[in-house]
Amino acid sequence: MTVNYTELANELIQSLIESRIGKEPALSEKIGGETLLLYYLLEKGEAAPSDLAWAMGVTSARVAAALNDLESKELIKRKIDTNDRRKIIVSLTNKGINTTKTTMSMFVERFSSLLQKLGEDDAKEYIRITKKMSELVFK
């Protein structure tokens, strides 16, 4: 029996859509671009807007809009790059660090609970496959 990868892809897409609009609206809302941007900055310390756009796979205009919003919330700060005064470097404020750590703790707690419900073998297999898909996408 041959596998119909188109049907499997449709099942995967439907599953992802259902999981995003399911019973966790607060979680779904937070998994947006700004949270990923904040997490990236938490991990890297600082970055140029162009690096953020590349890492997130979005346009520089989208990053600029997100940075404006995050700056108005006092979660990030921008400074001129001392090595190249034409460039801007973005980093988290103390409020941004605390907010991002709190959000990430919430994600870890929720996903830990979900993985526990899957059971050890399925949880490990899910992570293995997710990592493999990520590697394929970003090759």
Side-chain angles (χ1 to χ4, degrees):
M1 177 180 216
T2 52
V3 175
N4 185 330
Y5 287 102
T6 302
E7 285 181 17
L8 288 176
N10 282 321
E11 283 183 48
L12 174 62
I13 291 166
Q14 187 60 39
S15 174
L16 292 172
I17 290 169
E18 288 171 3
S19 69
R20 285 288 299 242
I21 60 175
K23 299 176 185 172
E24 292 287 347
L27 191 61
S28 293
E29 290 169 14
K30 289 207 174 267
I31 300 179
E34 288 185 1
T35 299
L36 295 176
L37 193 150
L38 291 170
Y39 180 72
Y40 184 88
L41 288 173
L42 183 67
E43 290 294 307
K44 300 293 183 184
E46 61 183 25
S50 58
D51 295 334
L52 293 168
W54 182 85
M56 296 176 61
V58 297
T59 65
S60 57
R62 174 65 190 114
V63 167
L67 291 176
N68 288 338
D69 189 43
L70 293 170
E71 191 171 40
S72 72
K73 296 174 185 174
E74 300 178 348
L75 299 175
I76 60 118
K77 58 187 172 189
R78 301 181 223 205
K79 66 179 181 180
I80 295 173
D81 187 341
T82 56
N83 296 324
D84 184 347
R85 298 194 53 77
R86 296 171 295 172
K87 293 184 180 179
I88 299 293
I89 299 295
V90 181
S91 61
L92 295 174
T93 62
N94 287 335
K95 180 180 177 182
I97 291 168
N98 292 334
T99 299
T100 305
K101 285 182 177 180
T102 299
T103 301
M104 295 315 297
S105 291
M106 181 190 71
F107 286 156
V108 169
E109 182 180 317
R110 182 64 183 134
F111 287 125
S112 176
S113 174
L114 291 171
L115 291 170
Q116 185 176 8
K117 289 176 183 177
L118 277 178
E120 182 178 350
D121 292 341
D122 285 346
K124 286 180 178 179
E125 186 67 4
Y126 175 76
I127 299 301
R128 184 190 70 77
I129 291 170
T130 302
K131 284 181 177 180
K132 188 170 187 174
M133 290 288 283
S134 180
E135 290 168 5
L136 293 170
V137 168
F138 294 109
K139 261 190 173 178

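All residue numbers refer to positions in the sequence shown, counting from 1.
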In Å and rounded to the nearest 0.5 Å, what is the CD to CZ distance from Glu34 to Arg62?
6.0 Å

Give the minimum heavy-atom separation between Val90 and Leu41, together with the two atoms involved.
O-CD2, 3.5 Å

Does atom CD of Glu74 have more than 12 heavy-atom neighbours from other groups under 6.0 Å away?
no

Heavy-atom check, side chain of Glu109 versus side chain of Ser105, under 4.5 Å:
no

Asn94, CG atom: more than 12 neighbouring heavy atoms under 6.0 Å
no

Minimal heavy-atom distance between Tyr40 and Asp51, with the atoms involved, is OH-O, 4.4 Å

In terms of heavy-atom contacts, Pro49 and Val63 come closest through O-CG1, 3.9 Å

Can you name the closest pair of heavy atoms from Lys95 and Lys73 and give their distance?
NZ-O, 3.1 Å

Joint hydrophobic cluster, Trp54 plus Leu36, side-chain heavy atoms closer than 4.5 Å
no

Between Leu42 and Ile97, is there a side-chain heavy-atom distance shorter than 4.5 Å?
yes

Determine, stepwise, if the pair Leu67 / Leu37 fulfils side chain to side chain contact (heavy atoms under 4.5 Å, CB included).
CA-CA 9 Å; Leu67 291 176; Leu37 193 150; 3.9 Å; yes

If you compare all heavy atoms of Asp69 against all heavy atoms of Ser72, which two are closest, and at what distance to 0.1 Å?
O-OG, 2.7 Å

Could you tell me the separation between the OG1 atom of Thr130 and the CD atom of Glu125, rounded to the nearest 0.5 Å?
9.5 Å

Determine, using the 4.5 Å side-chain heavy-atom cutoff (strictly less than), whether Ile89 and Ile76 are members of one ILVMFWY cluster.
no

Distance in Å, Leu115 CG paired with Lys124 NZ, rounded so as to fall on 0.5 Å steps
11.5 Å

Close side-chain approach of Leu92 and Thr99, heavy atoms under 4.5 Å
no

Ser91 and side chain to side chain contact (heavy atoms under 4.5 Å, CB included): which single residue from Lys77, Lys44, Lys79 fits?
Lys77

Asn98 CG to Thr103 OG1 distance, which is reported to the nearest 0.5 Å:
10.5 Å

